[in-house]
Amino acid sequence: MQRSIQLLSGTGDIVAGLLCSMSDRHLEDFETIWKGVLRATEQPDSYWSWDYKLRQGNQESRYEAYAIEVDSLTQGLMFLETQWHRSQLPQRYPLVYVEALAVAPWNRRRLEDPPYLRGVGRTLLLFARQRSLELGYSGRVGLHALPESEEFYRRNQMPEYDPDPDKEGLVYFEYGVLRR
């Protein structure tokens with residue numbers, strides 16, 4: 001799967017990119033370029049096992065792993081579960097669950113201001129909604145956010161629910177039906 005996308009540079013210029021299925025090359029970028037910076041800056045996602053996520057995405061149909069690349073460099077990664085999760089709202093509708101979403105360290109405003117690229121996380125999140133539509137889930141997407149990422153989901157107008165005691169107290173966010 002490959003889709004052309006557009007992002008913004010830190011200076012506001014339009015930059016062409018690609019949203020595609022995650023591959024070994026994207027994993028290598030994470031391992032050799034991202035990981036050291038994430039750990040040095042004590043980012044909470046620095047220990048996420050993207051090799052495991054890629055394997056799951058390749059082995060089980062309910063998992064999907066995606067990457068955004070610009071100029072052949074990985075700018076963002078996302079891991080979805082598409083079959084087993086249901087809304088935490090009373091109706092319990094099926095949804096796409098974002099297991100993990102990460103952007104490269106140079107695209108994080110907390111680390112680089114302005115970031116090298118803007119819109120990487122938002123593009124991945126919107127793609128999760130698109131996958132939900134494609135799967136017949138009406139755009140429903142859910143996730144548990146790391147505390148450092150909660151504001152990102154609020155800025156993207158994702159409805160916020162209570163901290164989930166079953167998920168280490170992480171706040172749950174969920175998009176409902178996408179109205180057209």
Side-chain angles (χ1 to χ4, degrees), residues 5-15 17 19 22 26 29-30 33-50 53 64-70 73-81 85-89 93 95-133 137-179:
I5 59 168
Q6 291 185 333
L7 301 167
L8 291 175
S9 72
T11 58
D13 297 324
I14 295 174
V15 177
L19 194 152
M22 187 178 168
H26 303 114
D29 283 352
F30 175 81
I33 303 170
W34 292 31
K35 189 188 284 188
V37 176
L38 293 175
R39 288 190 178 166
T41 56
E42 299 179 349
Q43 299 300 297
D45 60 336
S46 65
Y47 291 94
W48 285 358
S49 180
W50 285 99
K53 294 171 185 3
E64 300 176 3
Y66 296 98
I68 286 181
E69 58 182 63
V70 171
L73 181 62
T74 306
Q75 303 293 333
L77 297 168
M78 182 171 63
F79 184 58
L80 304 176
E81 194 288 318
H85 278 83
R86 295 204 165 267
S87 170
Q88 288 197 356
L89 304 179
Y93 293 115
L95 54 71
V96 167
Y97 185 80
V98 178
E99 295 275 352
L101 189 155
V103 300
W106 49 88
N107 296 326
R108 298 179 185 204
R109 188 165 279 120
R110 285 187 313 272
L111 300 179
E112 290 287 329
D113 196 10
Y116 176 68
L117 293 173
R118 296 184 312 193
V120 175
R122 185 177 199 293
T123 299
L124 288 167
L125 190 59
L126 291 175
F127 177 72
R129 287 205 93 180
Q130 181 64 42
R131 282 299 292 138
S132 176
L133 287 170
Y137 301 157
S138 302
R140 291 181 185 88
V141 173
L143 59 86
H144 289 86
L146 294 172
E148 296 80 0
S149 301
E150 290 174 8
E151 188 54 37
F152 166 77
Y153 296 107
R154 290 180 190 117
R155 277 195 319 270
N156 282 281
Q157 300 175 350
M158 193 170 196
E160 176 179 352
Y161 298 90
D162 294 328
D164 187 343
D166 294 332
K167 286 284 195 170
E168 301 172 6
L170 296 176
V171 173
Y172 182 71
F173 289 82
E174 182 178 315
Y175 280 130
V177 172
L178 187 60
R179 307 274 183 220

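Since the structure is predicted, the reported quantities are computational estimates derived from the model, not experimental observations. FYI, side chains are in, hydrogens and waters are out, and symmetry mates aren't considered; it's all heavy atoms of this structure.
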> Any donor-acceptor pair under 3.5 Å linking the side chain of R110 with the backbone of E148?
Replying inline: yes
>> Treating W48 as the side-chain partner and A102 as the backbone partner, does any N or O pair qualify as donor plus acceptor under 3.5 Å?
In response: no
> Quick one: are E150 and F173 in side-chain contact, heavy atoms under 4.5 Å?
Replying inline: yes
> What distance separates L73 CG from Y116 OH, expressed to the nearest 0.5 Å?
Replying inline: 8.0 Å
> Taking D113 for the side chain and R109 for the main chain, is one N or O donor matched with an acceptor at less than 3.5 Å?
Replying inline: no
> Which pair of heavy atoms, one from D164 and one from D166, lies closest together, and at what distance?
Replying inline: OD1-N, 2.8 Å
> Is any side-chain heavy atom of F30 less than 4.5 Å from a side-chain heavy atom of T74?
Replying inline: no
>> Looking at T41 and V37, would you say the former's side chain and the latter's main chain have a donor-acceptor pair under 3.5 Å?
In response: yes
> Taking all atoms of both residues into account, what is the closest heavy-atom pair of P114 and G10, and its distance?
Replying inline: CB-O, 3.7 Å
>> Checking the side chain of S132 only, and the main-chain atoms of R140 only, is there a donor and an acceptor separated by less than 3.5 Å?
In response: yes
>> So, using side chain to side chain contact (heavy atoms under 4.5 Å, CB included) as the criterion, who are the partners of T123 when residues are at least two apart?
In response: I5, L7, L19, I68
> If you measure from CG on D45 to OG on S149, what distance do you get to the nearest 0.5 Å?
Replying inline: 7.0 Å
>> Rounded to the nearest 0.5 Å, what separates atom CZ in R122 from atom CG in L101?
In response: 13.0 Å
> Are any non-hydrogen side-chain atoms of L143 and M158 less than 4.5 angstrom apart?
Replying inline: yes
> What's the spacing between L170 CG and H144 NE2 if we round to 0.5 Å?
Replying inline: 7.0 Å
> Is N107 reaching over with its side chain to a backbone N or O of L117, donor-acceptor style, under 3.5 angstrom?
Replying inline: yes
> Which heavy-atom pair separates P105 from L38 by the least distance, and what is that distance?
Replying inline: CG-CD2, 3.8 Å
> So, E99 and K53, do they make that salt bridge, N to O below 4.0 Å?
Replying inline: no
>> Can you confirm whether Y175 sits close enough to P159 that some side-chain heavy atom of one is under 4.5 Å from a side-chain heavy atom of the other?
In response: yes
> Which distance, rounded to the nearest 0.5 Å, do you find between the CG of L77 and the CE of M22?
Replying inline: 5.0 Å
> Okay, side chain of R108, backbone of V103: is any donor-acceptor separation there less than 3.5 Å?
Replying inline: yes
> Are I14 and S9 side-chain neighbours, meaning at least one heavy-atom pair lies under 4.5 Å?
Replying inline: no
> Considering the options Y161, Y153, Y93, which one meets the side-chain contact (heavy atoms from CB on, under 4.5 Å) requirement together with E174?
Replying inline: Y161
>> Taking ring-ring contact (aromatic ring centres under 6.0 Å, His included) as the definition, give me every residue that meets it alongside H85, ordered by chain and number, with sequence neighbours left out.
In response: Y97
> Taking only residues two or more places apart in sequence or in another chain, which ones pass ring-ring contact (aromatic ring centres under 6.0 Å, His included) with F127?
Replying inline: Y66
> Any idea which heavy atoms bring L8 and V15 closest together, and the distance?
Replying inline: C-CG2, 4.4 Å
> Which pair of non-hydrogen atoms, one from W50 and one from A100, has the smallest distance, and what is that distance?
Replying inline: CH2-CB, 3.8 Å
>> Rounded to the nearest 0.5 Å, what separates atom CG in D13 from atom CZ in R118?
In response: 9.5 Å
>> So which atom in Y172 and which in R86 form the shortest heavy-atom distance, rounded to 0.1 Å?
In response: OH-O, 4.5 Å
